[in-house]
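Working notes for the structure below.
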Protein chains: 4
Amino acid sequence: MMHLAIMRRMSSIDTPFELHSTSTAAGTKYARKKVAAIAAAAQVFAEKGFHGATTQDIATVMGIKQGSLYYYFKSKEQALQDVCEYGFENYVQQMEKICGKAQPFEAKMQMIITSHLTTYRQKNNAMKVHNDQRLYLPKERRQHLKELGTRYRQMLENTLQEGVQQRTIRADIDTHFVAYSIIGMCNSWGAYLVRDESLDLFDTIQQCADLVLRGVLN
Amino acid sequence: MMHLAIMRRMSSIDTPFELHSTSTAAGTKYARKKVAAIAAAAQVFAEKGFHGATTQDIATVMGIKQGSLYYYFKSKEQALQDVCEYGFENYVQQMEKICGKAQPFEAKMQMIITSHLTTYRQKNNAMKVHNDQRLYLPKERRQHLKELGTRYRQMLENTLQEGVQQRTIRADIDTHFVAYSIIGMCNSWGAYLVRDESLDLFDTIQQCADLVLRGVLN
Amino acid sequence: MMHLAIMRRMSSIDTPFELHSTSTAAGTKYARKKVAAIAAAAQVFAEKGFHGATTQDIATVMGIKQGSLYYYFKSKEQALQDVCEYGFENYVQQMEKICGKAQPFEAKMQMIITSHLTTYRQKNNAMKVHNDQRLYLPKERRQHLKELGTRYRQMLENTLQEGVQQRTIRADIDTHFVAYSIIGMCNSWGAYLVRDESLDLFDTIQQCADLVLRGVLN
Amino acid sequence: MMHLAIMRRMSSIDTPFELHSTSTAAGTKYARKKVAAIAAAAQVFAEKGFHGATTQDIATVMGIKQGSLYYYFKSKEQALQDVCEYGFENYVQQMEKICGKAQPFEAKMQMIITSHLTTYRQKNNAMKVHNDQRLYLPKERRQHLKELGTRYRQMLENTLQEGVQQRTIRADIDTHFVAYSIIGMCNSWGAYLVRDESLDLFDTIQQCADLVLRGVLN
DNA sequence: AATGAATGAGAGTTCATTCAT
DNA sequence: AATGAATGAACTCTCATTCAT
């Protein structure tokens with residue numbers, strides 16, 4: 001469930017029309033249902049894609065009528081934006097925690113991959129939606145996501161750079177390229193993890209880490 | 001351009017009325033335009049996704065009117081199926097050639113990656129569509145694609161298995177897992193290659209191959 | 001401001017629950033807010049038209065929430081009816097005073113036009129709404145308005161008739177027709193006065209009176 | 001019927017999507033039906049107002065399905081714009097013809113009023129729509145209409161100016177003001193003519209002209 | 001006295017699809 | 001071989017209205 005992670009950020013949630021009376025919006029009924037709305041939208045977008053999904057689908061998952069959805073989202077596009085932002089913000093936060101701690105390179109890489117894949121397995125559809133559907137947002141609405149993405153990639157590249165300095169990883173490595181590769185591979189495994197529940201999470205993490213670190217050669 | 005590859009398979013193309021079958025279908029005006037139709041659909045689906053694309057979009061790219069499209073595709077769904085099949089068939093054929101030749105493991109791996117990424121860079125939108133949009137086809141219509149996919153993965157796994165037997169690659173490698181990983185990483189780079197024209201193809205190929213073979217560790 | 005005039009009639013205002021009727025309704029908080037509600041509705045209907053206006057618009061002008069509006073109006077249609085009736089009742093009352101006094105024809109005509117145009121310039125949106133939007137009310141709800149209108153036109157016609165008898169105006173005049181013409185011209189100038197604040201009120205009144213009385217010929 | 005007048009201008013009609021093959025679009029089936037579409041929209045907008053009318057209403061009058069309407073109008077707003085423009089363009093053209101001919105002032109004024117009121121009586125709903133509903137168009141879409149309106153008013157003012165120079169009308173007349181007054185009064189009578197079929201057209205014209213020229217005074 | 005939350009009906013618009021020509 | 005014209009179903013979004021609190 002994405003709920004815990006998202007609720008951590010709920011203090012910043014937007015309220016409908018005007019500000020609510022309570023200063024911390026986190027506890028409001030509205031905030032609680034908005035979380036549910038984002039979760040529902042994430043699930044539906046992940047399954048059917050942005051254009052393939054209907055607002056009716058989302059409303060059905062929430063157990064409300066279709067028109068009522070607009071109490072929580074100003075538009076379908078806004079729903080996509082919210083899903084992407086909450087999903088990705090949460091993920092980048094986790095990344096910051098991991099990269100903030102002083103740890104040997106291999107441990108960090110392991111944690112990064114663990115975080116990435118675990119996020120998917122926890123049915124964090126928001127993450128999948130961010131990866132696959134964010135390009136359907138008009139550029140203006142992707143501003144924030146782009147910044148988050150850059151921050152995330154930079155943390156990953158920095159980690160690799162540290163590895164180079166620690167002489168743990170090869171000096172001839174192009175950290176920029178490797179960062180992209182890791183993200184790509186993990187996203188691809190993430191999609192499998194979402195689709196196939198029988199796939200073992202920890203096994204997958206081990207194998208990913210092993211492949212990245214040692215390659216296939218003898 | 002995908003044209004050459006696709007035209008090779010044109011002999012099996014479906015003709016709209018039985019009448020047409022008198023001549024070799026491959027050379028027919030119909031067959032030639034059907035190729036163009038598939039290419040147009042591929043381009044549009046790649047850009048906007050299946051559900052985000054309209055038949056009008058495809059017709060516009062072809063320079064014909066919307067209604068005329070139905071001379072080439074029985075339905076929008078059929079267009080997606082055609083794009084996926086022609087795109088992927090073509091790719092698997094190439095794979096067969098590569099794997100058919102007796103070659104050392106590393107050379108083969110290099111060629112596989114080269115083939116995969118080159119396909120993308122040549123703006124083979126059909127390939128992108130197959131990877132990103134095929135799941136929007138109903139299961140029945142994915143039968144053929146699934147077979148092709150299995151064949152393809154098996155060739156990749158066999159190649160890896162050969163590598164193990166040649167002692168070129170580690171014995172503890174899970175070939176199934178590595179095959180998926182390579183595909184995932186390459187697809188992700190493929191998407192970048194399509195989006196960013198300034199990205200150097202051969203550089204990308206080298207780096208991918210290097211990462212897969214040697215990993216990042218020192 | 002229409003307030004004074006409207007408040008004079010407030011004694012007849014409908015109260016939402018019978019309970020309220022203990023005190024004189026005119027001074028009730030409810031009555032005061034109902035006036036504000038009518039004024040808000042008048043403003044919004046004048047600007048956007050009945051169908052183009054939303055209950056949200058009216059609520060916003062009042063500074064209350066959309067749902068709360070139904071404490072003052074049973075329906076949007078009722079709001080239109082209230083606006084039209086209060087606006088027009090007020091105007092017809094003024095007309096009654098003017099026509100009641102014994103005065104020479106030209107002075108009366110001057111006062112009638114002054115009354116009409118001043119009403120508009122005072123941003124009496126209710127009047128504009130009555131003129132432009134009343135036809136969107138179902139016939140049954142226009143009963144009262146129709147009676148008022150007839151009364152008003154009759155007073156105008158009577159005034160003209162007096163003018164004929166006093167030999168102040170031509171005997172071959174069709175008073176019925178002229179009455180309609182004056183109303184039409186004044187309404188049209190009223191709309192300009194509302195739209196263009198820089199238009200001088202007294203100048204307009206003079207010109208209108210002059211045109212009606214003397215025509216353009218030399 | 002507005003058909004004749006509108007068809008005169010049909011050579012400039014816009015075609016759907018792309019240019020038609022024939023150079024004169026006037027004869028096309030599309031052009032013919034677009035005329036019908038504009039007439040239908042004019043009728044419905046005149047009756048119910050822009051916001052009160054539905055695209056379904058218009059389609060019903062045309063005898064087509066609601067969705068098919070969009071073959072002729074890109075949007076409901078475009079329909080309003082088309083109605084206003086065709087209606088008013090036509091009217092201004094007529095005005096140009098009247099004012100172009102050298103004629104004594106009184107005759108011209110008579111013709112102007114005749115033209116104005118006849119336009120209404122011919123059920124030229126487009127004219128009514130232009131007068132009552134054009135303000136619901138966003139400013140950008142009113143550009144053309146504004147220019148037409150200015151041209152029209154100028155012709156009327158010029159005519160009055162000529163009258164002054166010919167000493168036919170009083171020198172102390174404010175031509176600007178009188179022009180507006182005539183338009184206002186005629187529009188108001190136009191609305192009556194549309195609503196009440198029993199009203200005699202020529203009688204109304206006579207009375208209007210008489211009132212404007214000679215006023216009511218003895 | 002007012003509001004948050006929801007609803008249901010309908011609006012405008014889009015679009016895949018059909019078919020006579 | 002292609003098109004103009006139309007359709008019908010679905011979709012997003014709006015809005016008047018209700019009602020428990």
Original post:
Any side-chain donor-acceptor pair under 3.5 Å between C/D57 and C/T54?
Top reply: yes
Each nucleotide of nucleotides 16-21 of chain E classed B (base within 4.0 Å of a protein heavy atom), S (only sugar-phosphate) or -, in 5' to 3' order, makes BBB---
**Message:** Between D/V129 and D/F50, does the side-chain contact (heavy atoms from CB on, under 4.5 Å) criterion hold? Intermediate values first, please.
**Reply:** CA-CA 8 Å; D/V129 171; D/F50 176 63; over 6 Å; no
Here the helical stems involving DNA chain E, each at least 3 consecutive Watson-Crick or G-U pairs closer than 3.5 Å, sorted by first residue number, are E:2-21 with F:2-21
[N] [atom2] sits how many Å from [X] [atom1], rounded?
| X | N | atom1 | atom2 | answer |
| --- | --- | --- | --- | --- |
| A/K34 | E/dA5 | NZ | C1' | 15 Å |
| D/Y72 | E/dT14 | OH | P | 17 Å |
| B/I58 | E/dT14 | CD1 | P | 18 Å |
| A/F73 | F/dT14 | CZ | P | 15 Å |

Note to self: I'd like to know if the side chain of C/K76 reaches the main chain of C/A53, judged simply by a donor and an acceptor atom lying under 3.5 Å from each other, with no hydrogens or angles considered.
What the structure shows: yes
Does B/K65 put a side-chain nitrogen or oxygen below 4.0 Å from OP1 or OP2 of F/dA5? no
- Does C/Y71 make a side-chain N or O approach to OP1 or OP2 of E/dT3 shorter than 4.0 Å? no
Task: C/Y71 and C/Y30 aromatic ring geometry - parallel, tilted or perpendicular at 30°/60° bounds - done: perpendicular
Among the nucleotides E/dA1, E/dA6, F/dT3, whichever has the atom closest to the side chain of B/I64 is F/dT3
**Asked** Counting any heavy atom closer than 4.0 Å, what does C/L69 reach on the DNA or RNA strands: base, sugar-phosphate only, or nothing?
**Response** nothing
